[in-house]
Number of protein chains: 2
Amino acid sequence: MFKKQQLTKTECSQSMQAIKDALQVLSGKWKLPIILALSDGPLRFKELQRAVNNITPKILSKELKELELNEFVERTVHATSPVTVEYNLTPYSGTLEKLIAELQSWGLQHRQYIFSKSKMRKAVEA
Amino acid sequence: MFKKQQLTKTECSQSMQAIKDALQVLSGKWKLPIILALSDGPLRFKELQRAVNNITPKILSKELKELELNEFVERTVHATSPVTVEYNLTPYSGTLEKLIAELQSWGLQHRQYIFSKSKMRKAVEA
DNA sequence: CCGTATCCGCGGTGATACTG
DNA sequence: CAGTATCACCGCGGATACGG
């Protein structure tokens, strides 16, 4: 269905691994909202907290670390007193654009598809 | 960064919803492996269990129900004795192809990107 | 202000046993 | 064979409080 040519076990598991990598990067409640919040410009920790539905600092911290590891977000410390920390998107985060667009358009059409199906069913029942 | 034009709150949350829909459909340990297993042809319940790393029947059942709801998988009962049940992919599941391809290629390039970064860091440390 | 530490409840997953 | 029921566990995520 998806691949007409036969794949070796190794090729297949590599492909699965790549897909899992990609999903892991975006899945979870918070990563996309954080990225979106930062897409309008850099924010400080507390500002991010407020921007993203009052996420708990523990979780925000964890999410930001993951986003840093994946090089989507850059953390810069300003030696003011008290210290302030700014988070901003890296240029590399732009590589997500196509993927996100694809997710968005598929999700949209899928919602409409499922919706129209359930309407049909209701019409038949009536 | 991602959208140059300003979006209204409603448009934005609709877009987020679509993305979440798409992610939910594919996220989790099992959905992709199941779809992949079925992509070579229909399988029965027990065969699927074996094909997908000995997934527990409870979980497999739950996952299959979700995949049915989303119309990726079709369930057909054969009135043999004892009954046998076949699961197979629907044509609609083909709409995932582009999305999966995108996930796969992005995941691959990302892994290479992160890997090359960590090599660079090691080289600098040495 | 920027986080970390501690505690805790809940959901999801797995093991096992069981019914039709 | 196909699927469900029961139980137990673990880890995520939230609330709250605290340290640098």
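Numbers restart at 1 for each chain; the letters A, B, ... are given by sequence-line order, proteins then strands.
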Qualifying residues under salt bridge (Lys or Arg N to Asp or Glu O under 4.0 Å), relative to B/Lys98, sequence neighbours excluded: A/Glu102
Can you build the contact string for nucleotides 10-20 of chain D? Use B for base contact, S for sugar-phosphate-only contact, and - for no protein heavy atom under 4.0 Å. ---BBB-----
Residue pairs passing the salt bridge (Lys or Arg N to Asp or Glu O under 4.0 Å) test where at least one lies in residues 70-90 of chain B, sequence neighbours excluded: A/Arg121-B/Glu71
Applying side chain to side chain donor-acceptor pair (under 3.5 Å), can you list everything that pairs with B/Glu47, at least two apart in sequence or on another chain? none
Kindly state each residue pair satisfying side chain to side chain donor-acceptor pair (under 3.5 Å) with at least one member in residues 49-58 of chain B, sequence neighbours excluded. none
Name all residues meeting the side chain to side chain donor-acceptor pair (under 3.5 Å) criterion together with B/Trp106; count only those two or more places apart in sequence or in a different chain, and write none if there are none. A/Thr95
Can you check whether B/Tyr87 has a side-chain N or O nearer than 4.0 Å to OP1 or OP2 of D/dC1? no
Is there a path of hydrophobic side-chain contacts, each under 4.5 Å between heavy atoms, that joins B/Phe45 and B/Leu89? yes
Applying side chain to side chain donor-acceptor pair (under 3.5 Å), can you list everything that pairs with B/Arg111, at least two apart in sequence or on another chain? A/Asp21
Salt bridge (Lys or Arg N to Asp or Glu O under 4.0 Å) partners for A/Glu66, two or more places apart: A/Lys31
Where does the chain B footprint on DNA chain C start and end, counting 5' to 3' with a 4.0 Å heavy-atom cut-off? C/dT13 to C/dA15
Across all chains, not counting sequence neighbours, the side chain to side chain donor-acceptor pair (under 3.5 Å) partners of B/Tyr113 are none
Using a cut-off of strictly less than 4.0 Å between a heavy atom of the residue and any atom of DNA chain C, enumerate the qualifying residues of residues 42-51 of chain A by number. A/Arg44, A/Phe45, A/Lys46
Return the orientation label for the B/His110 and A/Tyr92 ring planes: parallel under 30°, perpendicular over 60°, tilted otherwise. parallel
A/Ala18 and B/Leu108: which non-hydrogen atoms are nearest, and at how many Å? CB-N, 3.7 Å
Would the distance check show the side chain of A/Ser27 and the main-chain N or O of A/Leu23 forming a donor-acceptor pair, the cut-off being under 3.5 Å? yes
End-to-end axis angle, where each axis spans five pairs of the helix from C/dC1-D/dG20 to C/dG20-D/dC1, to 10°: 30°
